Number of protein chains: 2
Amino acid sequence: MSWRKDERRAERGYHHGNLKEALLQAALNLISQKGPAGFTFADAARMAGVSPAAPYRHFRDRDELLASIAQRGFEQFESVLTQAWDDGRPDTISAFERVGKAYLGFAREEPAFYSAMFESGVPVDSNPTLMAASERAFAIIRAAAERLAALAPPGMPRPPAMMMALHIWSMSHGVASLFGRGDAARRKLPMSPEDLLEAEVLIYLRGLGFPIDRRAEAAAAEEKPAGPWGRPK
Amino acid sequence: MSWRKDERRAERGYHHGNLKEALLQAALNLISQKGPAGFTFADAARMAGVSPAAPYRHFRDRDELLASIAQRGFEQFESVLTQAWDDGRPDTISAFERVGKAYLGFAREEPAFYSAMFESGVPVDSNPTLMAASERAFAIIRAAAERLAALAPPGMPRPPAMMMALHIWSMSHGVASLFGRGDAARRKLPMSPEDLLEAEVLIYLRGLGFPIDRRAEAAAAEEKPAGPWGRPK
DNA sequence: AGCTCATGTGAACGATCTTTACATGAGCCG
DNA sequence: CGGCTCATGTAAAGATCGTTCACATGAGCT
């Protein structure tokens, strides 16, 4: 790693070192603790050990900091999804399932990023670079849908990949947003969010004509082999 | 209507009349204009023509007002869904589609309610009456899913209604949250949110083994009869 | 060594949230 | 009708926050 000089400037720095980074980290901590509305600019400054005015050297205002976090979130999101997709290896279907799990995993493990990206009221379309980052993340889902659509059985009409991608995205976001995070808006579920989403997507794909094994859903619904739909309760 | 005396007290009241109501209305206006984060307690008071301290006679703090709005939102939501479902008349499928449209309609026409309910960070499970209202709203979807599940073709295994309900809900919320409102987080869509959701649900139901007419999706995807999947672009 | 510019500080303003003591008037009871 | 009481609203005040501006400081270049 590039320790030696980088670390000296980072830890102890001249004025502060990399305040920008420290502020982003502080904001992330605060958001994950108290939600995107509960984090204050002054708090982030305090947590970074600087005066309340210092952040204005790096962010025009509080919204720009939030937008920066959303931006970073989209980038990290894209990276996670890309890795999960792995260009469709070893096979399209299982890679696709991995993407779904990765989606939920990101929402759960990075709730601060996720809420900054989707629930903070940041106007995504007002910031071009933010918009672009969001597009790149969606492009992964879109690409996966494309490959999946190409796999449609010969007899079937090809579903439009864009529509598939939007459908999958809305399912994933719906599950993540309603049931994904441990804390807020939780509701007793008969199964894990991951299994819920997996079953949902599989049923959807079967509806498109893909030859999905029914046992996969059963396994997703619950490990209990009490019929193909899991426990009937 | 019960004018006469009610109205005198409502309009002109003694101190203010029904400040509580006025505050809720003011908050709704403010939220629909500036989002749930952008509304301030003082602003609501000002809009109601009272001092900034007056609201505290009716709400412990800002969060309680928000929770009250969410509560009311869930009640109104339940009413809208109940009306749309109409106990499954004239037939289960079309009533089900109506519920989906009603869901999106509510999210679009009452963005203030919707965001207070789902995106304001109000801890739903901390307030029992709020939780109950939310449950009652979800119960409509659940009941519809139940009826739908009972309609499953004889040869098919019966899907668990609860799972169906959760799936439908996550689709609806996903579409509403990502594409539903005119303003925030919009993205260019090849079709309307309503059509997107309708196609999604229909494909899902077909995946469950329901004999869904493919042309319905085509119509949903777009009116253009350019093949069963709408325009291939 | 000295200049310069990015970076951080301190003080200040207005707005907000919230509490506290005080005012007011509606409705009841005699 | 007169007075009591309590819900309802006000005024004032403290704490915090977002934001700005004049000023300080020191890193890096020449």
Side-chain angles (χ1 to χ4, degrees), chain A residues 2 4-31 33-69 116 120-123, chain B residues 4-27 29-31 33-69 116 120-123:
Chain A
S2 68
R4 292 306 97 79
K5 204 160 67 178
D6 278 337
E7 206 52 32
R8 281 242 307 281
R9 286 184 53 175
E11 294 274 341
R12 181 133 304 285
Y14 65 109
H15 268 18
H16 169 114
N18 43 7
L19 216 203
K20 191 163 188 171
E21 205 59 33
L23 287 173
L24 288 170
Q25 287 303 326
L28 271 181
N29 287 342
L30 291 170
I31 291 178
Q33 285 170 20
K34 303 185 295 182
F39 116 91
T40 84
F41 221 45
D43 243 344
R46 200 171 310 129
M47 185 170 291
V50 296
S51 82
Y56 289 86
R57 295 294 173 194
H58 300 275
F59 303 98
R60 195 169 354 87
D61 54 14
R62 186 179 171 283
D63 284 344
E64 190 175 290
L65 202 173
L66 221 56
S68 274
I69 289 187
S120 67
V122 171
Chain B
R4 289 307 97 77
K5 205 159 66 179
D6 278 339
E7 208 52 33
R8 280 242 307 280
R9 286 184 54 175
E11 294 272 343
R12 179 136 307 287
Y14 65 111
H15 266 21
H16 170 114
N18 43 6
L19 216 203
K20 191 163 188 170
E21 205 59 30
L23 287 173
L24 287 170
Q25 288 303 327
N29 287 343
L30 291 171
I31 292 178
Q33 285 170 20
K34 304 184 295 183
F39 115 92
T40 85
F41 222 45
D43 242 345
R46 200 173 310 130
M47 185 170 290
V50 296
S51 80
Y56 290 87
R57 295 294 174 193
H58 300 275
F59 303 97
R60 195 169 351 88
D61 55 15
R62 189 178 168 285
D63 284 344
E64 190 175 289
L65 201 172
L66 220 57
S68 274
I69 290 187
S120 66
V122 171

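As the structure is a computational prediction, the values presented were derived from the model and not from experiment. Atom set for the values below is all heavy atoms of this structure, side chains included, hydrogens, waters and symmetry mates excluded. A note on names: the letters A, B, ... follow the listed sequences, proteins ahead of strands, and every chain is numbered from 1.
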Notebook entry, point to check: F59(A) CZ to dT20(D) P: how many Å, rounded?
Noted result: 15 Å
Margin query: On the six-membered ring of F59(A), is K20(A) placed so that its NZ or CZ lies under 6.0 angstrom from the centre and within 45° of the ring axis?
Written below: yes
Item checked: F39(A) vs R62(A) side-chain heavy atoms within contact, under 4.5 Å -> yes
Next item on the list: Could you state the atom-to-atom distance from CD of E64(B) to P of dT18(C) in whole Å?
Entry: 11 Å
Checklist line | Phosphate OP1/OP2 of dG8(C) contacted by H58(A) side-chain N/O (<4.0 Å) | finding: yes
Notebook entry, point to check: To the nearest Å, how far apart are R60(B) CZ and dC17(C) P?
Noted result: 16 Å
Checklist line | Among dT19(C), dT9(C), dG18(D), the one nearest A53(A) by side-chain distance | finding: dT9(C)
Checklist line | Under 4.0 angstrom between R46(B) side-chain N/O and dT16(C) OP1 or OP2 | finding: yes
Notebook entry, point to check: Taking for each residue the nucleotide of DNA chain D with the nearest heavy atom, is it D61(A) or K20(B) whose nucleotide lies nearer the 5' end?
Noted result: K20(B)
Note to self: Need to verify one output field. Residue with the more 5' nearest nucleotide on DNA chain D, F39(A) or R57(A)?
What the structure shows: F39(A)
Next item on the list: Please state how far atom NZ in K34(A) lies from atom P in dT16(D), giving the value in whole angstrom units.
Entry: 12 Å
Margin query: Please report the distance, rounded to the nearest Å, between CZ in R62(A) and P in dT19(D).
Written below: 8 Å
Margin query: Can you tell me how far apart CG (L24(A)) and CD1 (I69(A)) are? Round to the nearest 0.5 Å.
Written below: 5.5 Å
Checklist line | Rounded distance in Å - CG (N18(A)) to P (dT7(C)) | finding: 11 Å
Note to self: With heavy-atom distances below 4.5 Å as the criterion, would you say the side chains of L30(A) and M47(A) are in contact?
What the structure shows: yes
Note to self: Side chains of R46(B) and T40(B), heavy atoms from C-beta outward: is any pair under 4.5 Å?
What the structure shows: no
Notebook entry, point to check: Could you give the CG-to-P distance, from D63(A) to dG18(D), as a whole number of Å?
Noted result: 11 Å
Check: Between dG9(D), dT18(C), dG18(D), which nucleotide gets closest to the side-chain atoms of A54(B)?
Finding: dG9(D)
Check: Taking for each residue the nucleotide of DNA chain C bearing the nearest heavy atom, is the 5' side occupied by T40(B) or by P52(A)?
Finding: P52(A)
Check: Y56(B) has an atom OH; how far is it from atom P of dA12(D), in whole Å?
Finding: 18 Å
Check: Which nucleotide in the list dC17(D), dT20(D), dC17(C) gets nearest to the side chain of D43(A)?
Finding: dC17(D)
